[in-house]
There are 2 protein chains.
Amino acid sequence: MTSQPAAALEGPPNPRRAEILGAAAELFARRGYHGVSIGDLGRAVGLTGPALYRHFSGKDAVLAEMLLDISERLLAEGVRRAADPDPGRALDALLHWHIAFALDNPALITVHERELDNVPEPQRHRIRRLQRAYVEEWVAVLRRLNPGLPAGRTRAAVHACFGLLNSTPRSAAGLDREAMGGLLHTMARAALEAVR
Amino acid sequence: MTSQPAAALEGPPNPRRAEILGAAAELFARRGYHGVSIGDLGRAVGLTGPALYRHFSGKDAVLAEMLLDISERLLAEGVRRAADPDPGRALDALLHWHIAFALDNPALITVHERELDNVPEPQRHRIRRLQRAYVEEWVAVLRRLNPGLPAGRTRAAVHACFGLLNSTPRSAAGLDREAMGGLLHTMARAALEAVR
DNA sequence: TGCCGATGTTAACGCTCGTTAACAACTCTA
DNA sequence: TAGAGTTGTTAACGAGCGTTAACATCGGCA
């Protein structure tokens, strides 16, 4: 048999796959999923287009695996941080986590935010469930911090907060990482505390 | 001669053009510029694809005119509102304006935020200049409100604030317009005031 | 040593894209 | 009423897309 480009079934961590996923993240973030061709993707890692099919079953499989991986990483660590019994500390821990992720992986955050609709249907549902679960971790922490806050209003506030935090890739101003992270933390915390 | 699908040269306000621009905004926002074909665009207004060339010189001209129009509207009213001698009132007026625009035109805000790179070069510069000028209106108001705030930090804060406000189309939760507008205003104002 | 799986290549496929050409219908107006 | 301009249609173009097929190379191992 040739290769088996199935899902991420935890074989030995194939470096070529990782390389392709990294390059694809940059390209998808910059030009959008439909603005990137298989040829572009191959060229970005020094290959021709069709070589990609040795590692993935198709273009949409690259996107699907990328989004699935992001969603799982965000949620897993989010659950861990939200578990702090002190809701104020839990919120700060969530903020630190999300900000660090966004600053370290601006392309991934952008793709995660924009391209879910281009994932084929079996996996799109799974990714959406993970994304929603991540949001609910934040919602739960906020409502522990501020009981009586309606769920709908809290969810809207969390989405707005993500909009603020995920703006990093678009601004990326002259500020260094530490200054930018501190600014985002300060603003997001203040924004969420203002919700009553 | 046939028609002259040049830029927006202020003839009588052609309703077909406006109809196409409106449909294009929805489609570009939902699927991205490259995810929408000329055929899709025509079909959305009850025409065939090639009919579009009676009104625009090409697909990119639709996007360019759309972004130019948004940028001009945002800036014109932004300048007006930022002129309030009281910087606190000016900031509230800017917030009201941007929030109202985002709530009333979620598709436009999304396209404005994402698709500038797909505008061909003569007009991209103009749009970018307008966008920057709009940001600078906000920056100036914030620095009147808080003298001594470094320009770079202020600009980053404004971009983060836009990320918060422009999240509306993505969340669009069960909240009604008034509740959503109030929430965004509260959060954005608190986020900006926290910047020191 | 000879084979086999893994990982590349080039060539070719069917399809869709943006765009243009050629033509038809309708509305004004001279 | 003839003619011109406007706005639509269908047909056709060349290019590029995602994908598959056929073949080459190379390393590890019976």
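Residue numbers start from 1 in every chain, and the chains themselves are labelled A, B, ... in the order their sequence lines are given, proteins ahead of strands.
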For the pair [X] (side chain) and [Y] (backbone), establish whether a donor and an acceptor sit closer than 3.5 Å, ignoring hydrogens and angles.
{"X": "N146(A)", "Y": "V195(A)", "value": "yes"}
{"X": "Q123(A)", "Y": "A64(A)", "value": "no"}
{"X": "R144(A)", "Y": "P85(A)", "value": "yes"}

Query raised in the report: Tell me, which of residues 28-38 of chain B have any heavy atom that sits under 4.0 Å from an atom in DNA chain C?
Result: V36(B), S37(B), I38(B)
Atom-pair distance ([atom1] on [X]; [atom2] on [N]), nearest Å:
{"X": "K59(B)", "N": "dG18(C)", "atom1": "NZ", "atom2": "C1'", "result": "8 Å"}
{"X": "Y53(A)", "N": "dA22(D)", "atom1": "OH", "atom2": "P", "result": "17 Å"}
{"X": "F56(A)", "N": "dG18(D)", "atom1": "CZ", "atom2": "P", "result": "15 Å"}

Requested in this report: Could you tell me how the ring of Y134(B) sits relative to the ring of H98(B): parallel (under 30°), tilted (30 to 60°) or perpendicular (over 60°)?
Outcome: parallel
Using a strict cut-off of less than 4.0 Å between a Lys/Arg side-chain nitrogen and an Asp/Glu carboxylate oxygen, indicate whether [X] and [Y] qualify as a salt bridge.
{"X": "D92(A)", "Y": "R89(A)", "result": "no"}
{"X": "R80(A)", "Y": "E137(A)", "result": "no"}
{"X": "E72(A)", "Y": "R126(A)", "result": "yes"}
{"X": "R31(A)", "Y": "D117(B)", "result": "no"}

Report summary line: Each nucleotide of nucleotides 8-15 of chain C classed B (base within 4.0 Å of a protein heavy atom), S (only sugar-phosphate) or -, in 5' to 3' order, makes BBBB----
